[in-house]
Amino acid sequence: MVRDRRYWLVKSEPAKYSIDDLAAEPGQRACWDGVRNYQARNFMRDEMRLGDGVLFYHSAVQPPGVAGTARVVREAYPDSTQFDPDSPAYDPRARPDEPRWWMVDLKLTRRFERLIPLAELRATRGLEAMLLLRRGQRLSVMPVSAEQWRIILSLADA
DNA sequence: GCCAACGTTGGC
DNA sequence: GCCAACGTTGGC
(Lines give C-alpha, C1' and ligand atoms only; values in the text may rest on other atoms or scores of the structure.)
Protein backbone atom coordinates (compact mmCIF):
# COMPACT_ATOMS: atom_id res chain seq x y z
CA MET A 1 0.00 0.00 0.00
CA VAL A 2 1.53 3.26 -1.11
CA ARG A 3 0.82 6.28 0.98
CA ASP A 4 -0.53 9.45 -0.51
CA ARG A 5 1.92 11.87 -1.98
CA ARG A 6 3.00 14.46 0.50
CA TYR A 7 4.30 17.97 0.12
CA TRP A 8 7.20 19.91 1.59
CA LEU A 9 8.94 23.22 1.49
CA VAL A 10 12.70 23.58 1.54
CA LYS A 11 14.56 26.84 2.01
CA SER A 12 17.71 27.89 0.34
CA GLU A 13 19.60 31.14 0.20
CA PRO A 14 19.94 31.80 -3.52
CA ALA A 15 23.34 33.40 -2.95
CA LYS A 16 24.46 29.95 -1.83
CA TYR A 17 22.22 27.69 -3.87
CA SER A 18 19.38 28.89 -6.03
CA ILE A 19 16.78 27.20 -8.14
CA ASP A 20 18.93 28.15 -11.13
CA ASP A 21 21.77 26.17 -9.60
CA LEU A 22 19.47 23.17 -9.34
CA ALA A 23 18.41 23.70 -12.95
CA ALA A 24 22.07 23.65 -13.97
CA GLU A 25 22.81 20.29 -12.29
CA PRO A 26 23.17 17.18 -14.42
CA GLY A 27 19.66 15.81 -14.77
CA GLN A 28 18.53 18.88 -12.83
CA ARG A 29 18.90 16.85 -9.67
CA ALA A 30 21.00 17.27 -6.56
CA CYS A 31 21.46 15.94 -3.06
CA TRP A 32 19.99 18.22 -0.45
CA ASP A 33 22.95 18.24 1.89
CA GLY A 34 23.96 20.47 4.75
CA VAL A 35 20.74 20.37 6.76
CA ARG A 36 21.84 20.67 10.40
CA ASN A 37 18.64 20.95 12.33
CA TYR A 38 17.16 17.89 13.99
CA GLN A 39 13.54 18.60 13.20
CA ALA A 40 14.33 19.28 9.56
CA ARG A 41 16.46 16.15 9.47
CA ASN A 42 13.67 14.07 10.92
CA PHE A 43 11.27 15.23 8.24
CA MET A 44 13.76 14.24 5.55
CA ARG A 45 14.85 11.01 7.11
CA ASP A 46 11.55 9.71 8.44
CA GLU A 47 8.81 11.18 6.30
CA MET A 48 9.96 12.26 2.87
CA ARG A 49 9.16 9.68 0.26
CA LEU A 50 9.91 9.14 -3.38
CA GLY A 51 7.68 11.30 -5.52
CA ASP A 52 6.78 13.80 -2.82
CA GLY A 53 6.38 17.38 -4.01
CA VAL A 54 8.72 20.11 -2.78
CA LEU A 55 8.35 23.87 -2.89
CA PHE A 56 11.70 25.52 -3.50
CA TYR A 57 11.86 28.63 -1.34
CA HIS A 58 14.40 31.41 -1.63
CA SER A 59 15.28 32.89 1.77
CA ALA A 60 17.50 35.73 2.95
CA VAL A 61 16.93 37.62 -0.26
CA GLN A 62 14.70 40.50 -1.23
CA PRO A 63 12.00 39.51 -1.78
CA PRO A 64 11.94 36.02 -0.28
CA GLY A 65 9.48 33.60 -1.85
CA VAL A 66 8.69 30.37 -3.63
CA ALA A 67 10.72 30.01 -6.81
CA GLY A 68 9.46 26.69 -8.13
CA THR A 69 8.96 23.04 -7.38
CA ALA A 70 10.98 19.86 -7.17
CA ARG A 71 10.33 16.20 -6.53
CA VAL A 72 11.95 13.72 -4.17
CA VAL A 73 13.86 11.30 -6.38
CA ARG A 74 15.84 9.49 -3.70
CA GLU A 75 14.89 8.86 -0.10
CA ALA A 76 17.11 9.61 2.86
CA TYR A 77 20.72 8.47 2.98
CA PRO A 78 23.66 9.71 5.03
CA ASP A 79 24.78 13.26 4.24
CA SER A 80 28.38 12.87 3.13
CA THR A 81 29.35 16.42 4.08
CA GLN A 82 29.15 15.53 7.79
CA PHE A 83 32.28 13.37 7.36
CA ASP A 84 34.20 15.90 5.28
CA PRO A 85 36.53 18.09 7.39
CA ASP A 86 36.76 20.53 4.50
CA SER A 87 33.01 21.06 4.39
CA PRO A 88 31.42 23.90 6.31
CA ALA A 89 28.78 21.33 7.29
CA TYR A 90 31.39 18.99 8.78
CA ASP A 91 30.32 17.42 12.06
CA PRO A 92 33.17 15.84 14.02
CA ARG A 93 30.67 14.02 16.24
CA ALA A 94 29.23 12.06 13.33
CA ARG A 95 30.55 8.56 12.71
CA PRO A 96 30.15 6.64 9.44
CA ASP A 97 28.61 3.71 11.30
CA GLU A 98 26.23 6.07 13.04
CA PRO A 99 25.40 8.99 10.78
CA ARG A 100 23.83 11.96 12.43
CA TRP A 101 22.69 13.86 9.33
CA TRP A 102 20.74 12.72 6.31
CA MET A 103 19.86 14.04 2.92
CA VAL A 104 17.51 13.28 0.05
CA ASP A 105 17.88 13.88 -3.67
CA LEU A 106 15.67 16.44 -5.34
CA LYS A 107 14.94 16.95 -8.98
CA LEU A 108 13.67 20.20 -10.41
CA THR A 109 10.16 19.93 -11.77
CA ARG A 110 9.28 23.52 -12.41
CA ARG A 111 10.74 26.97 -12.27
CA PHE A 112 7.92 29.47 -11.75
CA GLU A 113 7.55 32.27 -14.29
CA ARG A 114 7.60 34.61 -11.33
CA LEU A 115 8.68 34.28 -7.73
CA ILE A 116 5.72 34.02 -5.38
CA PRO A 117 6.75 36.50 -2.69
CA LEU A 118 6.38 35.77 0.99
CA ALA A 119 4.17 38.85 1.34
CA GLU A 120 1.78 37.39 -1.23
CA LEU A 121 1.63 34.11 0.64
CA ARG A 122 0.77 36.03 3.78
CA ALA A 123 -2.02 37.82 1.97
CA THR A 124 -3.51 34.73 0.36
CA ARG A 125 -6.66 33.21 1.79
CA GLY A 126 -6.26 29.57 2.64
CA LEU A 127 -2.58 29.85 3.52
CA GLU A 128 -3.05 31.35 6.98
CA ALA A 129 -2.02 28.11 8.65
CA MET A 130 1.18 27.62 6.67
CA LEU A 131 4.07 26.73 8.92
CA LEU A 132 6.28 29.03 6.90
CA LEU A 133 4.20 32.01 7.96
CA ARG A 134 4.50 31.39 11.65
CA ARG A 135 6.48 34.08 13.31
CA GLY A 136 9.94 33.11 14.42
CA GLN A 137 9.77 29.94 12.40
CA ARG A 138 13.18 28.96 11.03
CA LEU A 139 12.87 25.39 9.86
CA SER A 140 14.62 24.78 6.55
CA VAL A 141 12.53 21.69 5.74
CA MET A 142 8.85 21.68 6.62
CA PRO A 143 5.61 20.01 5.61
CA VAL A 144 3.03 21.69 3.40
CA SER A 145 -0.56 20.49 3.13
CA ALA A 146 -2.03 19.30 -0.16
CA GLU A 147 -4.37 22.26 -0.10
CA GLN A 148 -1.54 24.74 0.48
CA TRP A 149 0.39 23.13 -2.36
CA ARG A 150 -2.60 23.47 -4.67
CA ILE A 151 -3.14 27.12 -3.77
CA ILE A 152 0.49 28.04 -4.30
CA LEU A 153 0.59 26.34 -7.70
CA SER A 154 -2.53 28.25 -8.64
CA LEU A 155 -0.77 31.50 -7.68
CA ALA A 156 2.10 30.56 -9.95
CA ASP A 157 -0.32 30.09 -12.82
CA ALA A 158 -2.29 33.26 -12.12
C1' DG B 1 22.53 46.35 9.79
C1' DC B 2 19.16 45.33 13.31
C1' DC B 3 17.07 42.29 16.14
C1' DA B 4 13.38 38.82 17.48
C1' DA B 5 13.01 34.12 17.80
C1' DC B 6 14.72 29.96 18.54
C1' DG B 7 18.09 25.88 18.81
C1' DT B 8 22.24 24.28 20.94
C1' DT B 9 25.82 24.07 24.28
C1' DG B 10 27.79 23.41 28.53
C1' DG B 11 28.48 24.64 33.48
C1' DC B 12 26.46 23.55 37.55
C1' DG C 1 17.78 18.55 34.44
C1' DC C 2 17.98 23.54 34.56
C1' DC C 3 18.97 27.58 32.32
C1' DA C 4 22.15 31.37 30.88
C1' DA C 5 25.06 32.32 27.18
C1' DC C 6 25.81 32.03 22.66
C1' DG C 7 25.18 31.34 17.66
C1' DT C 8 22.17 31.27 13.72
C1' DT C 9 18.26 32.28 10.91
C1' DG C 10 15.96 35.31 8.20
C1' DG C 11 12.48 39.08 7.73
C1' DC C 12 12.51 43.77 7.71
Side-chain angles (χ1 to χ4, degrees), chain A residues 6-25 30-48 52-70 72 75-106 108-145 147-156 158:
Chain A
R6 284 195 198 155
Y7 303 94
W8 308 93
L9 179 146
V10 300
K11 293 181 186 172
S12 188
E13 300 185 20
K16 295 177 181 163
Y17 194 87
S18 74
I19 198 163
D20 291 336
D21 292 319
L22 180 58
E25 300 277 4
C31 56
W32 204 251
D33 61 16
V35 173
R36 294 295 181 268
N37 168 282
Y38 289 107
Q39 205 180 343
R41 176 204 67 182
N42 292 348
F43 282 134
M44 283 200 302
R45 185 191 60 187
D46 305 334
E47 301 196 44
M48 269 194 186
D52 281 359
V54 177
L55 297 171
F56 197 111
Y57 180 85
H58 280 173
S59 67
V61 67
Q62 197 49 243
V66 180
T69 63
V72 176
E75 294 182 4
Y77 60 108
D79 179 339
S80 49
T81 62
Q82 69 192 302
F83 307 123
D84 176 5
D86 294 328
S87 168
Y90 176 60
D91 186 345
R93 301 164 301 180
R95 301 161 41 87
D97 56 332
E98 203 174 336
R100 182 179 295 238
W101 305 111
W102 300 71
M103 61 188 179
V104 298
D105 285 358
L106 299 181
L108 180 69
T109 42
R110 184 170 169 201
R111 213 167 1 163
F112 290 161
E113 301 285 319
R114 65 180 186 101
L115 185 91
I116 315 297
L118 177 60
E120 185 173 344
L121 300 179
R122 289 196 191 283
T124 300
R125 289 194 57 178
L127 297 182
E128 296 85 355
M130 264 193 96
L131 228 47
L132 177 75
L133 306 183
R134 286 227 193 120
R135 112 195 206 89
Q137 169 293 126
R138 301 181 309 175
L139 268 181
S140 63
V141 178
M142 67 182 81
V144 167
S145 75
E147 177 68 1
Q148 290 160 359
W149 171 271
R150 188 191 64 74
I151 291 171
I152 289 167
L153 289 199
S154 76
L155 292 177

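The chains referred to below are lettered A, B, ... by the order of the sequence lines, with proteins before strands, and numbering in each begins at 1. Nothing here was measured: the structure is a model prediction, and the numbers come from that model.
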- Message: Expressed as a whole number of angstroms, how long is the span from A/H58:NE2 to C/dC12:C1'?
- Response: 19 Å
- Message: Can you measure A/Q137 atom CD to C/dG11 atom C1' for me and round it to whole angstrom units?
- Response: 11 Å
- Using the side chain to side chain donor-acceptor pair (under 3.5 Å) rule, take A/D52 and A/W8 through it: C-alpha gap first, then chi angles, then the decisive distance, then the call. CA-CA 8 Å; A/D52 281 359; A/W8 308 93; 2.9 Å; yes
- Task: Just compare C/dG10, B/dT8, B/dC6 and give me whichever is closest to any side-chain atom of A/R138.
- Result: B/dC6
- Rounded off to whole Å, could you give me the CG-to-P distance for the A/L139 and B/dG7 pair? 8 Å
- Query: Got a sec: does the CD of A/E98 have more than 12 other heavy atoms crowding it under 6.0 Å?
  - Reply: no
- Query: Would you say A/R93 reaches B/dT9's phosphate, i.e. side-chain N/O to OP1/OP2 under 4.0 Å?
  - Reply: yes
- Message: Rounded to whole Å, please give me the gap between CG in A/N37 and C1' in B/dT9.
- Response: 15 Å
- Report the C-alpha distance between A/R36 and A/S140 in whole Å, list the side-chain angles of each, state the deciding distance to 0.1 Å, and finish with yes or no for side chain to side chain contact (heavy atoms under 4.5 Å, CB included). CA-CA 9 Å; A/R36 294 295 181 268; A/S140 63; over 6 Å; no
- Task: Answer yes or no: does a side-chain N or O of A/K11 lie under 4.0 Å from OP1 or OP2 of C/dG10?
- Result: yes
- Task: Let me know, please, whether A/K16 or A/Q62 comes out on the 5' side of the other along DNA chain C by nearest nucleotide.
- Result: A/K16
- Task: Please tell me which of the listed nucleotides, C/dG10, B/dG7, C/dC12, lies nearest to the side chain of A/A60?
- Result: C/dG10
- Task: Using whole Å, report how far CZ of A/R134 lies from P of B/dC6.
- Result: 10 Å
- Message: Output the rounded distance in Å from CG (A/D91) to C1' (B/dT9).
- Response: 13 Å
- Query: What integer distance in Å separates A/L132:CG from C/dT9:C1'?
  - Reply: 13 Å
- How long is the line joining CE of A/M142 and P of C/dG10, in whole Å? 8 Å
- Step by step, work out the ring-ring contact (aromatic ring centres under 6.0 Å, His included) result for A/F83 and A/W101. CA-CA 10 Å; A/F83 307 123; A/W101 305 111; over 10 Å; no
- Message: With a 4.0 Å limit, can you tell me whether A/Y57 has a side-chain N or O closer than that to the phosphate oxygens OP1/OP2 of C/dT9?
- Response: no
- Message: Under a 3.5 Å distance rule, please check whether A/R41 uses its side chain to pair with a backbone N or O of A/R100 as donor and acceptor.
- Response: yes
